[in-house]
Protein chains: 2
Amino acid sequence: MTQTNDFRVDIPELLARQPLFQQMSMEHVNLMATQAREKRLGRGEMLFQKGDMPRGFYVVIFGQLKLAFPSSAGNEKVVDIIGPKQSFGEAVMFMDKPYPVFAEAISDTLVLHVPRDVIFELIRTEPTFAHLMLAGLSLRLHSLLQDVETYSLRSSAQRVVGYLLQQCPGDVGALGEGEIQVTLPTTKQIIASRLNLTPETLSRIFHDLAEAKLISVQGKQITINNARQLREYDI
Amino acid sequence: MTQTNDFRVDIPELLARQPLFQQMSMEHVNLMATQAREKRLGRGEMLFQKGDMPRGFYVVIFGQLKLAFPSSAGNEKVVDIIGPKQSFGEAVMFMDKPYPVFAEAISDTLVLHVPRDVIFELIRTEPTFAHLMLAGLSLRLHSLLQDVETYSLRSSAQRVVGYLLQQCPGDVGALGEGEIQVTLPTTKQIIASRLNLTPETLSRIFHDLAEAKLISVQGKQITINNARQLREYDI
DNA sequence: GGTTTGGCCTGATATGGGTCAAGGCGCTTG
DNA sequence: CAAGCGCCTTGACCCATATCAGGCCAAACC
């Protein structure tokens with residue numbers, strides 16, 4: 001299934017839709033767009049290694065990447081799974097430090113690279129932009145903290161349940177009693193690593209949840225039978 | 001042991017020494033200082049609860065606080081231990097979200113509260129400041145990521161070893177063969193929680209390390225006999 | 001002085017989740 | 001079509017760490 005059809009993107013529009021840049025003037029967005037460069041990656045290809053020096057940040061146009069820590073024993077720890085229209089790598093730009101994780105395409109992927117000089121310039125000239133950038137980073141920090149809480153205070157099943165509920169389209173608060181369809185964004189292996197689990201454990205948890213009639217699993221298609229009940233699931 | 005002697009601090013100097021503000025003009029530091037307010041806390045007193053709305057950030061003048069997630073079963077998860085001259089709570093200022101953790105004094109403590117309006121104003125008027133702020137937040141994010149790596153990829157003993165090495169004065173790189181004295185900043189209970197361990201496990205690990213002649217423990221005083229060997233410690 | 005309290009250690013036991021090994025299912029490829 | 005390869009599942013077993021329970025010591029308090 002090679003993505004042969006010539007894929008055209010409206011880069012300024014894509015950038016303008018980033019949470020970070022929504023309140024930015026179109027003039028500045030265009031400035032960024034002219035400086036950005038596309039990069040195509042085959043599945044399994046590395047965008048950068050842990051230890052490389054960053055020169056900007058990235059936005060995914062189509063495809064998917066994982067950010068992960070490598071580990072001597074082959075077992076890596078996936079920190080995040082990045083999909084279309086999501087950006088990543090903003091924070092490292094501001095430190096003189098190498099990437100703490102590596103980024104690998106987990107499907108054929110097109111990313112946009114925005115060099116950091118453009119960003120630095122914007123910060124210098126547009127205070128609103130700096131403020132937005134700060135808000136964006138804070139949000140990242142917040143969700144990482146959330147992860148720490150999850151890893152340390154919740155059991156494996158609770159982590160899986162939490163993940164499924166997060167994937168629901170209508171966001172968190174909506175805990176209707178009706179069925180909800182969720183499509184897993186990638187393989188169960190990668191999701192398992194993201195949740196600090198082995199694939200075996202994830203498989204068994206899905207099995208248990210299905211046996212308890214809370215969900216049903218058909219490949220990457222998960223049907224949540226009752227979100228409210230699922231949320232209350234314990235052990 | 002009540003801190004009765006009248007404690008005077010040079011607030012502008014304290015602020016100027018924050019990593020975030022070092023490159024700031026003294027004029028602006030003074031502006032912040034005039035707006036800041038001291039707050040005294042007894043040991044065990046809460047500075048803020050998880051869920052409170054933030055109005056600024058804090059700098060510890062003397063004493064110590066812990067930042068932690070509460071948990072239904074009484075067992076909390078300590079995210080960070082904050083000592084004198086360290087600041088915290090910068091990130092939440094930029095989001096319209098409540099504190100994701102609570103802050104509790106773990107000894108008699110004096111903190112400085114800097115209202116966020118001052119910061120916002122500085123960002124608007126001084127681009128260099130915004131840049132420093134971004135660098136500061138990025139650093140936080142980086143060290144949180146480090147934590148995630150540690151929790152997911154390292155065994156309990158490795159976490160303890162890593163912690164001890166971090167506490168060494170001469171920073172990380174220096175792995176001399178000589179003895180190094182480390183003083184634990186707080187009780188072993190709190191450190192255990194910070195490392196995602198039970199106090200029992202931490203105690204046993206100290207015991208094992210001491211038996212292997214790598215360290216010796218006298219209360220909060222830990223002597224590292226050979227940093228290089230300790231670093232290589234496995235299992 | 002006795003008693004309480006908090007911090008810490010130690011031993012016995014339990015268990016969540018990892019590890020190892022085997023096999024199935026569904027792609028892709030020749 | 002068969003072969004091969006990823007991805008996933010399943011079962012048996014094991015181990016690192018938690019849990020539970022008891023006890024020690026020093027400081028604080030009556």
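Only heavy atoms go into these numbers, but all of them, side chains included; no hydrogens, no water, no symmetry mates. Lettering follows sequence order; numbering is per chain, from 1.
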Given atom [atom1] of [X] and atom [atom2] of [N], what is their separation to the nearest angstrom?
X: A:Y151; N: C:dG18; atom1: OH; atom2: P; value: 13 Å
X: B:Q158; N: D:dA16; atom1: CD; atom2: C1'; value: 12 Å
X: B:F206; N: C:dC8; atom1: CZ; atom2: P; value: 10 Å
X: B:L202; N: D:dA16; atom1: CG; atom2: C1'; value: 15 Å
X: A:E200; N: C:dG16; atom1: CD; atom2: C1'; value: 14 Å
X: A:L209; N: D:dT9; atom1: CG; atom2: P; value: 12 Å

Could you verify whether a donor N or O on one side chain and an acceptor N or O on the other, from A:Q221 and A:T183, lie under 3.5 Å apart?
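The criterion, which ignores hydrogens and geometry beyond distance, is satisfied for A:T183 and A:Q221.
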
Quick one: is [X] getting a side-chain N or O under 4.0 Å of the [N] phosphate, OP1 or OP2?
X: B:K188; N: C:dC9; result: yes
X: A:S156; N: C:dG16; result: no
X: B:H207; N: C:dC9; result: no
X: A:T187; N: D:dC7; result: no
X: A:K220; N: D:dC7; result: no
X: A:T201; N: C:dG18; result: yes
X: A:S203; N: D:dC8; result: no

Do [X] side-chain atoms and [Y] backbone N/O form a donor-acceptor pair below 3.5 Å?
X: A:N196; Y: B:S152; answer: no
X: A:T109; Y: A:S107; answer: yes
X: B:T201; Y: B:L197; answer: no

Side-chain contact check for B:Q189: nearest option of C:dG18, C:dC8, D:dT9 is C:dC8

Of the nucleotides D:dT10, C:dG18, C:dG7, which has the atom closest to the B:R43 side chain?
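Looking only at side-chain atoms, B:R43 lies closest to C:dG7.
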
Any donor-acceptor pair under 3.5 Å between the side chain of B:R204 and the base of D:dT19?
yes

In terms of ring plane angle, is the pair A:Y99 and A:F48 parallel, tilted or perpendicular, where the classes change at 30° and 60°?
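Rings of A:Y99 and A:F48: parallel, under 30°.
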
Within the structure shown, what part of the strands sits under 4.0 Å from B:N196 by heavy-atom distance: base, sugar-phosphate, or nothing?
sugar-phosphate

Check every strand shown and say whether A:R154 touches a base, only sugar-phosphate, or nothing at a heavy-atom separation below 4.0 Å.
nothing

